[in-house]
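Every value quoted in this text rests on a predicted model; they were computed, and no experiment measured them.
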Amino acid sequence: MPAPAPEGADDDTLSQRAVTAGDGAHASSASAAASDDAAARVRSLLVPLSEPEPRAAPEPSVAPVLPGVPVADRPQVRTPVRDPAVQGGLPCPWCATPNMPDRHFCGRCAMPMSGQGPDQPGRRGPWWRRLLDLRNGETPWAGDRPRLRRGFGRVLNWVVGAVVLTLLIVAVMNVGDAVNGIRDHFAKRAPVDPDKVTASRSYPGHQPELAFDKRSNTWWGPGVTQSGEGEWIEVRFTEPTRLLDVMITPGVSARAETITESALPKRIDAEITMADGTKTTRALTLDQGAGPQSRAFRVGSVTAVRFVLRSAHAASGDKQVAVAEIEFFGRSNASAS
């Protein structure tokens, strides 16, 4: 917009100013057009580029570890190779590799230089070394040697082995007794009658046979007062007999009201004679009461049994010891089938 002309200016001045303003406007439009042409040329020279694509994070070459837990380095193992510097050395009995004379183990296979190779026959050692060699003389391979046992552990092993061996020998020697014991435990009982009965002495009318007549109202007595210590009654068997139990009825009868009529045997020693002539003694202790009392009496091949009086219940100067009944029991014939 042209500036207003000052008052008093003439026409020439006004015309000159108009021409000058027209030239300035033309020059300004020309410079703007030139600038637009330069920008267009610059834009034509630019190469359009696409947006960059997202890339995945690269994987680390070393796996991450927790802090404070370092990964241990793998040991460096040297591969056994033949030493080229050894010429004409001592050959290994296992791989035939030459070794220095002062080596105890082969530098290639690590086997002992003093051992026998796989193709060489083993040397027979002394008898005491073979007896104590529990590994049968086999030389372990390198890395497979057994753990050494020292001190009390080895002694304890020998002690335990000796105890086990002793128990085995005892078991083998007594296997017959063990079998008989099992059979006796489960066998049915049957009465066994003696073939002959004798006594050290008897009260008149009360012979020793009355103690084996299967009647509880008859009895045997030694005919002496007090406990009758040392008096005995004996039975014999024609054939060796196996006995399992013995039942003794003390007193003159099995009834309770007759218990005070005589002294009752308390301790009796049973002297047993075997078929081979050996003798053994069993101590039998009876209770102070009426009725039969059973005791275990397991013994085999018996030919004679002597019952010796040692002490008595309620012994006095006007009473003698009385035994109403003695019964033996053995295996029933039904148990043998």
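- Within the 4.5 Å cutoff, side-chain heavy atoms of Arg242 are placed close to those of Arg331.
- By the neighbour-count criterion of 12 heavy atoms within 6.0 Å, atom CZ of Phe329 is densely surrounded, having more than that number from other residues, nucleotides or ligands.
- Side chain of Ser262 to main chain of Thr260: no donor-acceptor pair is present (N/O by atom type, distance under 3.5 Å, no hydrogens or angles).
- Remark: Arg298 CZ to Leu244 CG distance equals 7.0 Å, nearest 0.5 Å.
- When the options Leu165, Thr166, Val172 are evaluated for a side-chain contact (heavy atoms from CB on, under 4.5 Å) with Ile169, the one that passes is Leu165.
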- Might you work through the side-chain contact (heavy atoms from CB on, under 4.5 Å) test for Leu309 and Glu229, ending with a clear yes or no? CA-CA 5 Å; Leu309 298 176; Glu229 183 178 0; 5.9 Å; no
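- In terms of modelled atom types and a separation under 3.5 Å, the side chain of Arg306 and the main chain of Ala199 share no donor-acceptor contact.
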- Decide side-chain contact (heavy atoms from CB on, under 4.5 Å) for Cys95 and Arg108; before the verdict, give the C-alpha distance in whole Å, the side-chain angles of both, and the deciding distance to 0.1 Å. CA-CA 8 Å; Cys95 63; Arg108 185 176 186 275; 4.2 Å; yes
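- A donor-acceptor pair under 3.5 Å is formed between the side chain of Thr303 and the backbone N or O of Thr273.
- With rounding to the nearest 0.5 angstrom, the OG1 atom of Thr198 is 8.5 Å from the CD atom of Glu209.
- Within the model, atoms CG of Asp102 and CE of Met113 stand 10.0 Å from one another, a figure rounded to the nearest 0.5 Å.
- When all heavy atoms are compared, the tightest approach of Thr225 to Gly317 is CG2-O, 3.1 Å.
- Residues Gln207 and Leu210 are in side-chain contact: their nearest non-hydrogen atoms beyond the backbone lie under 4.5 Å apart.
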- Item | From CA spacing to verdict: side-chain contact (heavy atoms from CB on, under 4.5 Å), Val305, Glu271 | CA-CA 6 Å; Val305 180; Glu271 299 177 356; over 6 Å; no
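- With Arg201 contributing its side chain and Pro222 its backbone, the two residues share a donor-acceptor pair below 3.5 Å.
- Shown here is Lys266, whose NZ atom has no more than 12 heavy atoms of other residues, nucleotides or ligands within 6.0 Å.
- Separation of atoms CZ (Arg103) and CZ (Phe105) is listed at 9.5 Å; rounding is to 0.5 Å.
- Between atom CD1 of residue Ile259 and atom NE2 of residue His313 there is a gap of 9.0 Å, rounded to the nearest 0.5 Å.
- One finds a salt bridge joining Asp193 and Lys214 here, because a Lys/Arg side-chain nitrogen approaches an Asp/Glu carboxylate oxygen to under 4.0 Å.
- At least one side-chain heavy atom of Gln293 sits less than 4.5 Å from a side-chain heavy atom of Pro250.
- The shortest heavy-atom contact between Phe237 and Val192 is CE2-CG1, 3.8 Å.
- Shown here are the salt bridge (charged side-chain N to carboxylate O under 4.0 Å, His left out) partners of Lys279, two or more places apart in sequence or in another chain: there are none.
- A donor-acceptor contact shorter than 3.5 Å links the side chain of Arg295 to the backbone of Thr285.
- The shortest non-hydrogen separation linking Phe212 to Val235 is CZ-CG1, 3.1 Å.
- Summarising the local packing, CD of Glu239 is surrounded by 12 or fewer heavy atoms from other residues, nucleotides or ligands at distances under 6.0 Å.
- Linking Ile, Leu, Val, Met, Phe, Trp and Tyr whenever their side-chain heavy atoms come within less than 4.5 Å puts Leu286 and Leu243 in one cluster.
- Residues Cys92 and Asn99 come closest through the heavy atom pair CB-ND2, 3.9 Å.
- Annotation: Arg215, atom CZ; neighbour count of heavy atoms from other residues, nucleotides and ligands within 6.0 Å does not exceed 12.
- The distance from atom OG of Ser216 to atom CD of Glu327, rounded to the nearest 0.5 Å, is 9.5 Å.
- Between Ile233 and Val197, the closest side-chain pair of non-hydrogen atoms falls below 4.5 Å.
- In the hydrophobic clustering of ILVMFWY residues, with side-chain heavy atoms under 4.5 Å counting as a link, Ile248 and Leu264 come out apart.
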- Item | Trp220/His206 under ring pair (Phe, Tyr, Trp, His ring centres under 6.0 Å): CA gap, chis, key distance, verdict | CA-CA 5 Å; Trp220 166 80; His206 299 277; over 10 Å; no
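- Across all their heavy atoms, Gly223 and Gln320 have their closest contact at N-OE1, 2.6 Å.
- Within the 3.5 Å criterion, the main-chain N or O of Met274 finds no donor-acceptor partner in the side chain of Thr278.
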- Checking side-chain contact (heavy atoms from CB on, under 4.5 Å) for the pair Ile272/Thr281: CA distance, chi angles, key distance, verdict? CA-CA 6 Å; Ile272 306 168; Thr281 302; over 6 Å; no
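- Following chains of ILVMFWY side-chain contacts shorter than 4.5 Å, one can reach Ile268 starting from Val246, so the two form part of one hydrophobic cluster.
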- Task: Before giving the answer on salt bridge (charged side-chain N to carboxylate O under 4.0 Å, His left out), spell out for Asp195 and Arg236 the whole-Å C-alpha distance, their side-chain angles and the decisive distance to 0.1 Å.
- Result: CA-CA 6 Å; Asp195 299 307; Arg236 290 187 174 274; over 6 Å; no
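- Leu284 approaches Phe307 most closely through the heavy-atom pair CD1-CE2, 4.1 Å.
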- Worked check of salt bridge (charged side-chain N to carboxylate O under 4.0 Å, His left out) between Arg189 and Asp245: CA-CA 8 Å; Arg189 269 49 173 173; Asp245 299 311; 2.9 Å; yes
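- If you chain together hydrophobic residues whose side chains sit under 4.5 Å apart, Phe297 and Val302 fall into the same group.
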- Just do the side chain to side chain donor-acceptor pair (under 3.5 Å) check on Thr218 and Asp213 with the steps written out, would you? CA-CA 8 Å; Thr218 59; Asp213 60 355; 2.7 Å; yes
